Novice: 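Structure incoming, see below.
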Amino acid sequence: MSQISPSLYVPQEIFANEPFTNFAVDDARQAMEAALAQVEAQLGRSYDLVIGGKRVQTAAKITSVNPARPAQVVGVHQKAEGEHAELAMQAALAAFETWRFTPAAERASCLLHAAEIIRQRKYEFMAWLTYETGKNWAEADADVGETIDFLEFYAREALKLAAATTAIQYPGERNQLFYIPLGAGAVIPPWNFPFAIMAGMTAAAIVTGNTVILKPSSDAPTIAAKFMEVLEEVGVPAGVVNFCPGAGGSFGNAIVEDVRTRFISFTGSKAVGLQIHESAAKTRPGQIWIKRTVLEMGGKDSMLIAADAELDKAADAVVAAAFGFSGQKCSACSRVIVEAPVYDAFVAKLVERAAKLTVGDPAKNHNLGPVVNRAALDSILKYIEIGKQEGRLLLGGNAPSIEGGYFVEPTIIADLAPDAVIAQQEIFGPVLAVIKAADFDDALKIVNNTEYGLTGAIFSTDRAKLERAGREFHVGNLYYNRKCTGAMVGAHPFGGFNMSGTDSKAGGSDYLLLFTQAKSVGEKL
């Protein structure tokens with residue numbers, strides 16, 4: 001890899017979120033169509049592991065396919081196994097010895113430079129997301145925009161940490177406070193935001209001086225490979241990030257269990273997150289620190305529709321939050337709790353809007369693309385069958401046959417009990433549970449009756465109800481009179497309560513602290 005350029009990238013202005021693309025504009029639409037054609041010509045290429053800057057090939061492979069057309073191969077990746085874990089750890093530890101002392105300005109410069117490259121090639125990265133994970137244009141745009149935001153925001157936050165000082169100077173002393181890196185760690189991102197979350201977790205770790213073994217999801221390794229190429233282009237030294245798509249059972253477990261692993265940053269299912277947390281908590285012979293886990297594990301998110309809500313706006317928001325990216329967001333609205341006086345009227349508006357959504361190839365910019373793979377499709381359909389027995393199917397429930405893709409119709413099931421299976425378990429698909437609440441008190445009880453606590457929203461024109469929800473609606477991210485998806489870096493630090501994770505607040509001013517340890521130095525004058 002090349003080394004860092006002596007010409008540093010520095011923030012030119014205060015942080016601002018990357019603007020969304022307006023695809024109604026001819027230039028934007030034509031640019032996206034051109035990017036899709038450009039990327040389609042690159043599908044099926046092979047990608048190596050990158051360990052300590054060296055390309056490594058393996059006998060076993062991971063084949064990433066387009067979930068809208070499973071016969072179409074997006075990328076063929078080497079598959080890291082247990083024996084590669086030691087190579088990756090050695091490379092990460094070796095790089096840490098110099099990267100840890102690299103000035104914060106240089107590390108931040110790498111992130112800012114990477115953000116600029118991604119901004120210039122935005123449509124290309126959108127197209128990769130469309131092919132590899134089935135995101136339509138708007139969803140792909142949001143993913144790329146959030147990637148840029150994370151890089152820009154964390155670069156600035158790292159510079160603030162580097163300038164930190166003690167609250168007071170004790171008389172007769174010189175007091176200093178340093179936020180130093182933890183060491184070599186694992187970054188294990190999900191497939192549903194395979195660019196933004198993957199890049200954000202990686203960037204937060206390396207900008208604070210840590211080194212990373214990056215194990216992207218096997219359902220979305222290609223976009224991570226493209227990010228690795230950007231890191232190499234901007235001069236991140238060899239071994240600082242080691243790109244290792246691999247098996248969770250052999251490679252992933254080996255990294256988590258290694259006594260030299262200092263932290264594990266994970267986003268994914270509750271089951272895997274708890275397994276990582278338990279494994280990391282077990283002290284093994286030779287271990288000299290408590291491993292740190294940063295976990296974001298999912299949700300069963302509710303939107304509460306009060307009797308005084310503006311129903312048209314509420315219905316629009318619920319449809320967007322429930323069915324955007326086919327419901328494959330940990331923040332997606334999977335339950336809507338509606339006060340009895342407006343229940344029938346709201347449900348009618350909900351069904352009317354959802355029925356207009358189209359399902360099909362995301363490259364053609366349908367509202368709903370595919371779910372991620374066959375296992376996800378089968379699981380969602382099983383939940384729909386359960387839901388049909390528990391409530392009243394109002395819309396959808398089918399898996400349309402479109403070029404062999406993994407498609408599910410937007411599905412609404414009403415009249416459900418608050419403790420129904422599909423009102424409690426995370427489905428991760430375009431399935432919305434509708435629950436009637438007797439009154440506002442009852443609605444607040446229902447929104448808090450799951451083991452999760454990630455996002456939620458309330459629609460009401462009553463300020464007292466909004467403020468009460470602010471106190472009693474127990475989630476990490478709560479929204480008033482807007483959808484429960486679409487957290488913006490800087491404005492909505494993201495992370496949940498209970499079984500939704502460690503409330504890590506990605507995109508917030510304190511997120512980088514999770515990858516550092518504070519060292520206080522006092523000098524007698």
Side-chain angles (χ1 to χ4, degrees), residues 269-271 298-306 314-315 318-319 321-324 326-355 357 359 368 371 375-400 406-458 473-475 484 498-500:
S269 72
K270 183 192 78 169
K300 189 67 180 175
D301 308 299
S302 301
M303 292 179 68
L304 191 165
I305 313 303
V318 170
V319 168
F323 302 121
S326 296
Q328 298 176 114
K329 303 178 184 180
C330 53
S331 60
C333 175
S334 57
R335 315 191 315 162
V336 58
I337 291 85
V338 188
E339 284 195 62
V342 295
Y343 183 84
D344 291 338
F346 177 77
V347 168
K349 292 177 181 293
L350 189 65
V351 172
E352 178 187 12
R353 285 160 170 77
L357 299 175
V359 180
L368 277 74
V371 296
L377 175 64
D378 292 343
S379 175
I380 293 164
L381 292 177
K382 287 180 181 178
Y383 274 113
I384 290 173
E385 289 306 310
I386 293 171
K388 288 178 181 179
Q389 302 303 313
E390 295 182 315
R392 178 166 54 105
L393 179 67
L394 298 181
L395 184 71
N398 301 308
Y406 309 125
F407 295 93
V408 182
E409 293 174 340
T411 300
I412 299 174
I413 301 175
D415 304 345
L416 289 158
D419 61 352
V421 170
I422 69 162
Q424 290 291 319
Q425 296 184 16
E426 187 175 35
I427 300 173
F428 230 69
V431 181
L432 177 64
V434 186
I435 304 168
K436 183 189 292 186
D439 52 28
F440 191 68
D441 289 341
D442 188 36
L444 279 178
K445 290 178 183 178
I446 295 171
V447 299
N448 290 328
N449 78 344
T450 79
E451 64 181 345
Y452 297 103
L454 185 54
T455 75
I458 173 175
F473 200 145
H474 193 62
V475 292
C484 62
N498 300 346
M499 285 298 173
S500 287

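All values derive from a computational prediction rather than experimental measurement. Computation of the quantities below employed the complete heavy-atom set of this structure, encompassing side-chain atoms and omitting hydrogens, waters and symmetry-equivalent molecules. Along the sequence shown, residues carry numbers from 1.
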Novice: When Leu416 is tested against each of Arg392, Gln424, Glu390 for side chain to side chain contact (heavy atoms under 4.5 Å, CB included), which residue passes?
Specialist: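 For Leu416, the side chain to side chain contact (heavy atoms under 4.5 Å, CB included) check succeeds only for Glu390.
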
Novice: Considering all heavy atoms of both residues, which atom of Ile380 and which atom of Pro430 are nearest to each other, and what is their separation?
Specialist: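 So the two residues come closest at CD1-CD, 4.3 Å.
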
Novice: What are the two closest non-hydrogen atoms of Thr455 and Val475, and how far apart are they?
Specialist: O-CG1, 3.7 Å

Novice: Is there side-chain contact between Ile412 and Val434, with at least one heavy-atom pair below 4.5 Å?
Specialist: yes

Novice: Does a side-chain heavy-atom distance below 4.5 Å link Leu432 with Thr411?
Specialist: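 In short, these two side chains do not touch, never coming nearer than 4.5 Å.
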
Novice: Looking at every non-hydrogen atom in both residues, tell me the closest pair between Pro418 and Arg335 and how far apart they are.
Specialist: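 Closest pair (atom of Pro418, atom of Arg335, distance): O-NH1, 3.9 Å.
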
Novice: Do the non-hydrogen side-chain atoms of Val319 and Leu350 ever get within less than 4.5 Å of each other?
Specialist: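 Side-chain contact under 4.5 Å: yes.
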
Novice: So Cys333 and Cys484, side-chain contact (heavy atoms from CB on, under 4.5 Å) or not? Walk me through it.
Specialist: CA-CA 7 Å; Cys333 175; Cys484 62; 3.7 Å; yes

Novice: For the atom pair CD1 (Ile422) and CD1 (Ile386), what is the distance rounded to the nearest 0.5 Å?
Specialist: 8.5 Å

Novice: Please walk me through it: do Asp301 and Tyr452 pass side-chain contact (heavy atoms from CB on, under 4.5 Å)?
Specialist: CA-CA 8 Å; Asp301 308 299; Tyr452 297 103; 5.8 Å; no

Novice: Can you tell me how far apart NE2 (His474) and CG (Asn448) are? Round to the nearest 0.5 Å.
Specialist: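 Taking NE2 in His474 and CG in Asn448, the distance rounds to 7.5 Å.
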
Novice: Would the distance check show the side chain of Ser326 and the main-chain N or O of Gly429 forming a donor-acceptor pair, the cut-off being under 3.5 Å?
Specialist: no

Novice: Quick one: CD1 on Ile413 to NZ on Lys388, what's the gap to the nearest 0.5 Å?
Specialist: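 Result: 8.0 Å between the selected atoms.
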
Novice: Is there side-chain contact between Phe323 and Val318, with at least one heavy-atom pair below 4.5 Å?
Specialist: no

Novice: If you measure only the distance, is there a donor-acceptor pair under 3.5 Å linking the side chains of Glu451 and Asn498?
Specialist: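 No, no side-chain donor-acceptor contact under 3.5 Å.
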
Novice: Does a side-chain heavy-atom distance below 4.5 Å link Leu304 with Val338?
Specialist: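 No. Closest side-chain heavy atoms not under 4.5 Å.
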
Novice: Would you mind reporting whether Ser269 and Phe428 have side-chain heavy atoms less than 4.5 Å apart?
Specialist: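 Not touching, per the 4.5 Å side-chain cut-off.
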
Novice: Locate the shortest heavy-atom distance separating Leu395 from Val351; write the atom from each residue and the value.
Specialist: CD2-O, 4.3 Å

Novice: Going by an N to O cut-off under 4.0 Å, is there a salt bridge joining Glu385 and Lys382?
Specialist: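 No salt bridge links Glu385 with Lys382.
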
Novice: Is there a side-chain contact between Glu426 and Ser334, using heavy atoms and a 4.5 Å cut-off?
Specialist: no

Novice: Kindly give the heavy-atom pair with the smallest separation between Phe407 and Pro400, and that separation in Å.
Specialist: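 Looking at all heavy atoms of both residues, the shortest contact is O-CD, 3.6 Å.
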
Novice: Of all the heavy-atom pairs spanning Ala306 and Glu339, show the shortest one and how long it is.
Specialist: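 Ala306 and Glu339 have their closest heavy atoms at CA-OE2, 3.2 Å.
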
Novice: What I want to check is whether the side chains of Tyr343 and Asp415 have a donor and an acceptor closer together than 3.5 Å.
Specialist: yes

Novice: Rounded to the nearest 0.5 Å, how far apart are CD of Gln328 and CG of Leu368?
Specialist: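 Nearest 0.5 Å value for the CD-CG distance: 9.0 Å.
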
Novice: When rounded to the nearest 0.5 angstrom, what is the spacing between CG in Asp344 and NZ in Lys349?
Specialist: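 It comes to 12.5 Å.
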
Novice: How long is the straight-line distance from CG of Leu454 back to OG of Ser302, given to the nearest 0.5 Å?
Specialist: 11.0 Å

Novice: What pairs of residues pass the side chain to side chain donor-acceptor pair (under 3.5 Å) test when at least one of them lies in residues 427-441, not counting sequence neighbours?
Specialist: Asp441-Arg468

